[in-house]
2 protein chains.
Amino acid sequence: MTTPPPRSVPTMRDVAALAGVSTMTVSRVLHDDPRITEETKRRVRAAVRKLGYLRNDTARNLRIGRGAGAVGLVVNNLANPFYSQLALGVGQAAEQQGLTVMLANSAGDDEREARLISDLMSRRVVGIIISPASDEHSHLAARALHGTPVVLVARPPSGIDADCVLVDDFAGTREACKRLIERGHTKIGFIGLPSTVWTGAERLRGFRAALADAGIRSDRRYIRYQESDVAAAEKTVRSLLAVSDPPTALFAANNRNMIGALRAVSRAGNPVALAGFDDFELADMLDLPLIVVSYDPVGLGREAARLLLERVVPGDADLPPRRVTVPTTVVEYGPPTGRLHLPGVATADGGGTASRPGRQASRRRAPVR
Amino acid sequence: MTTPPPRSVPTMRDVAALAGVSTMTVSRVLHDDPRITEETKRRVRAAVRKLGYLRNDTARNLRIGRGAGAVGLVVNNLANPFYSQLALGVGQAAEQQGLTVMLANSAGDDEREARLISDLMSRRVVGIIISPASDEHSHLAARALHGTPVVLVARPPSGIDADCVLVDDFAGTREACKRLIERGHTKIGFIGLPSTVWTGAERLRGFRAALADAGIRSDRRYIRYQESDVAAAEKTVRSLLAVSDPPTALFAANNRNMIGALRAVSRAGNPVALAGFDDFELADMLDLPLIVVSYDPVGLGREAARLLLERVVPGDADLPPRRVTVPTTVVEYGPPTGRLHLPGVATADGGGTASRPGRQASRRRAPVR
DNA sequence: CTGTTAGCGCTTTCAC
DNA sequence: GTGAAAGCGCTAACAG
């Protein structure tokens with residue numbers, strides 16, 4: 001009502017002065033030190049309330065050597081729901097330890113990533129969770145980071161020691177491709193990730209394994225590597241479908257590629273069956289047969305944070321590097337009423353359709369996001 | 001090769017000692033002070049490199065009074081793509097000023113929000129960007145925040161002075177609903193947001209305006225208020241469609257409600273036309289007629305950051321509160337080939353279909369995300 | 001029970 | 001050109 005708008009934040013000294021005590025007493029009251037008189041506590045608390053005092057955690061953390069009391073999170077592409085889900089999980093776990101999340105988007109650029117890491121280090125984050133843009137991890141070595149713990153997400157460390165949380169890329173892809181093959185496909189295209197990305201390599205390996213399992217020879221012409229970007233993926237898929245004797249089915253190595261493939265296939269009016277890594281919202285509403293490799297990105301984030309925090313919170317520092325792999329499930333979506341607008345081989349090949357038990361059952365799984 | 005793994009981050013003193021100078025000289029070299037000899041600079045820089053020294057910005061910021069050198073971003077629901085896009089925009093703008101983003105998810109909970117704000121204040125962020133969970137904004141008053149600037153996203157300040165960036169909720173909704181009416185609908189349901197949210201109120205107002213413009217009396221039974229959550233929205237829509245004489249069209253007040261409505265409508269096999277706020281990925285692939293109110297969430301985030309940074313960076317502190325409204329576009333999606341699997345009134349009502357010029361043209365707008 | 005001193009890592013100010 | 005002293009806001013350690 002009467003107090004003028006404050007231009008600067010009050011400090012402990014202001015509180016101490018108002019309460020007529022020393023800053024140390026204020027500090028003790030804030031920590032609820034039992035040795036302080038109730039009467040003193042009351043006076044101090046009144047002063048705190050009056051001034052709207054809030055402890056300066058920046059100063060506090062400096063003093064107690066906790067750095068910024070934040071964990072750094074570096075993601076490739078925040079526009080990809082996978083990463084926002086991941087951030088959600090990391091945030092949940094960090095909050096429980098009273099840590100904030102400093103979020104940075106590398107946009108998949110190696111140099112940018114290095115700059116961001118260095119920035120986070122300057123800010124003295126207690127640890128870093130990162131989905132590295134490439135397999136060049138030397139800037140993440142304990143040496144480079146002065147022992148600040150790092151957890152890699154979705155890629156194993158290459159040439160360095162670090163914890164990581166992985167998705168079972170290989171098994172998931174293999175199983176999904178197996179299902180395509182069971183539906184009668186032998187000519188399957190693969191819209192992969194850049195070959196430098198481990199995830200991409202693993203998913204390609206799973207794809208090849210599925211083909212090999214079925215005795216199908218893989219065809220080079222059907223394999224494309226692709227930055228993860230919807231528009232680019234669409235273009236790539238269009239060109240892939242334009243080869244002579246084109247594939248009858250496609251496996252998209254991630255989220256973004258899958259959406260691009262969807263657009264390309266739908267636009268072409270081509271009866272191509274689709275499978276891909278990463279479940280996505282509305283997959284069940286697309287009214288076309290679809291196989292996705294699903295997992296829980298929020299859980300992945302929580303898990304990453306857990307690994308990190310185990311090294312930060314008590315003192316359990318030098319544990320050996322750990323590797324956690326989260327499982328995947330293959331989910332098959334299909335048209336609600338069996339009408340196939342983009343008839344996949346499910347109808348074209350006859351036969352196999354009846355013997356797919358999981359299909360209707362799994363059509364409407366609880367969406368992860 | 002030989003150096004043992006460092007357990008603690010080197011300080012300026014370590015560098016000074018190694019270079020045989022004072023910390024002051026190190027500091028000057030880092031700032032590239034012209035008065036320092038080239039020779040000294042060389043020695044210091046060598047020491048910096050050797051130790052892998054990185055300035056402690058926490059300490060630096062404390063000294064120079066820049067708080068944490070971070071902007072706080074509080075969102076309602078990071079799982080909603082709108083907010084991750086927003087975060088992307090904020091991050092882009094913040095980075096240009098050498099600031100990081102501290103991200104926090106309020107989950108739409110007022111109390112949580114208050115705690116998060118207080119936490120960010122403790123960490124001395126230079127400013128806060130927030131999409132408040134409700135219209136209770138007293139905890140965001142300049143008084144409560146000791147003058148730390150705040151920018152509200154998607155809601156105008158209520159009872160406080162603050163900058164805000166808004167979406168043109170009213171005009172967008174009105175136009176979208178107008179299109180539904182032009183397609184022959186008179187019984188239109190509204191899946192709104194909780195009435196305490198300004199956005200919700202505005203969109204409802206737009207809805208009512210569109211009805212009034214067309215001389216349609218609005219029917220209470222058709223209006224629902226709804227926390228923004230896909231599963232809950234689906235349930236709500238189901239119950240809405242179960243009333244006697246149910247609506248033939250629905251307007252969903254946001255992203256989440258729209259997805260829920262999609263599921264409910266599709267499951268019911270009901271020929272209900274859909275419109276809603278927020279464009280979303282795959283809207284054009286759903287193979288059903290759809291009207292969405294579209295805008296650019298990344299731009300919204302950039303704009304919010306711009307407003308905030310104008311108060312932070314130079315000293316342009318006490319500007320008057322500003323209000324920026326970003327425009328919306330109405331986009332109509334429809335089945336690529338005109339096959340309607342969930343025939344909306346577009347076919348059911350005959351008539352209006354031919355006179356919809358923008359339709360094919362706008363079907364495949366550049367997706368915002 | 002409460003206060004004083006010192007110092008976290010840096011920079012500002014004033015000396016030399 | 002470089003250094004010494006003081007202090008940003010807080011707390012650990014020792015007094016009393």
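Letters go in sequence order (proteins before strands), and every chain restarts at 1.
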Got a list of protein N/O to nucleotides 10-12 of chain C N/O distances below 3.5 Å?
residue, atom, partner, partner atom, Å
dC10(C), OP1, Y53(B), OH, 2.4
dC10(C), OP1, N56(B), N, 3.0
dC10(C), OP2, M12(B), N, 2.5
dT11(C), OP1, H31(B), NE2, 3.2
dT11(C), OP1, R60(B), NE, 2.7
dT11(C), OP2, S27(B), OG, 2.8
dT11(C), O2, R63(B), NH1, 2.5

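Of all the heavy atoms in R123(A) and T58(B), the pair that sits closest is O-OG1, 3.4 Å.
If you measure from atom CG of L62(A) to atom P of dG7(D), you get 17 Å, rounded to the nearest angstrom. Here dT2(D) presents its C1' atom at 14 Å from CD of E39(B), a figure rounded to the nearest Å. As a whole-Å value, the separation of D32(A) CG from dT2(C) C1' is 16 Å. Atom P of nucleotide dG9(C) and atom CZ of R66(A) are separated by 16 Å, given to the nearest angstrom. We find that CG of N61(B) is positioned 16 Å from P of dC10(D), with the value rounded to whole Å. D33(A) places its CG atom 17 Å from the P atom of dC10(D), with the value rounded to the nearest Å.
Counting any heavy atom pair closer than 4.0 Å across all strands shown, T40(B) reaches sugar-phosphate atoms only and no base atom.
Electrostatic pairing of R45(B) and D32(B) counts as a salt bridge here, judged by a charged N lying under 4.0 Å from a carboxylate O. The existence of a salt bridge linking R42(B) and E38(B) is excluded, since no basic side-chain nitrogen approaches an acidic carboxylate oxygen closer than 4.0 Å.
In terms of phosphate contacts, T37(B) brings a side-chain nitrogen or oxygen within less than 4.0 Å of OP1 or OP2 of dT2(D).
No side-chain donor from either of R155(A) and S131(A) sits under 3.5 Å from a side-chain acceptor of the other.
Judged by distance alone, with hydrogens and angles left aside, the side-chain atoms of T196(B) form no donor-acceptor pair with the main-chain N or O of S134(B) at under 3.5 Å. Looking only at distances, no side-chain donor or acceptor of Q85(B) sits under 3.5 Å from a matching main-chain atom of P297(B).
For the side-chain hydrogen bond (donor to acceptor under 3.5 Å, both in side chains) test with Y83(A), the passing option among N77(A), N76(A), N105(A) is N76(A); the others fail.
For the helix from dC1(C)-dG16(D) to dC16(C)-dG1(D), the end axes, each set by the C1' atoms of five terminal pairs, are bent relative to each other by 50° (nearest 10°).
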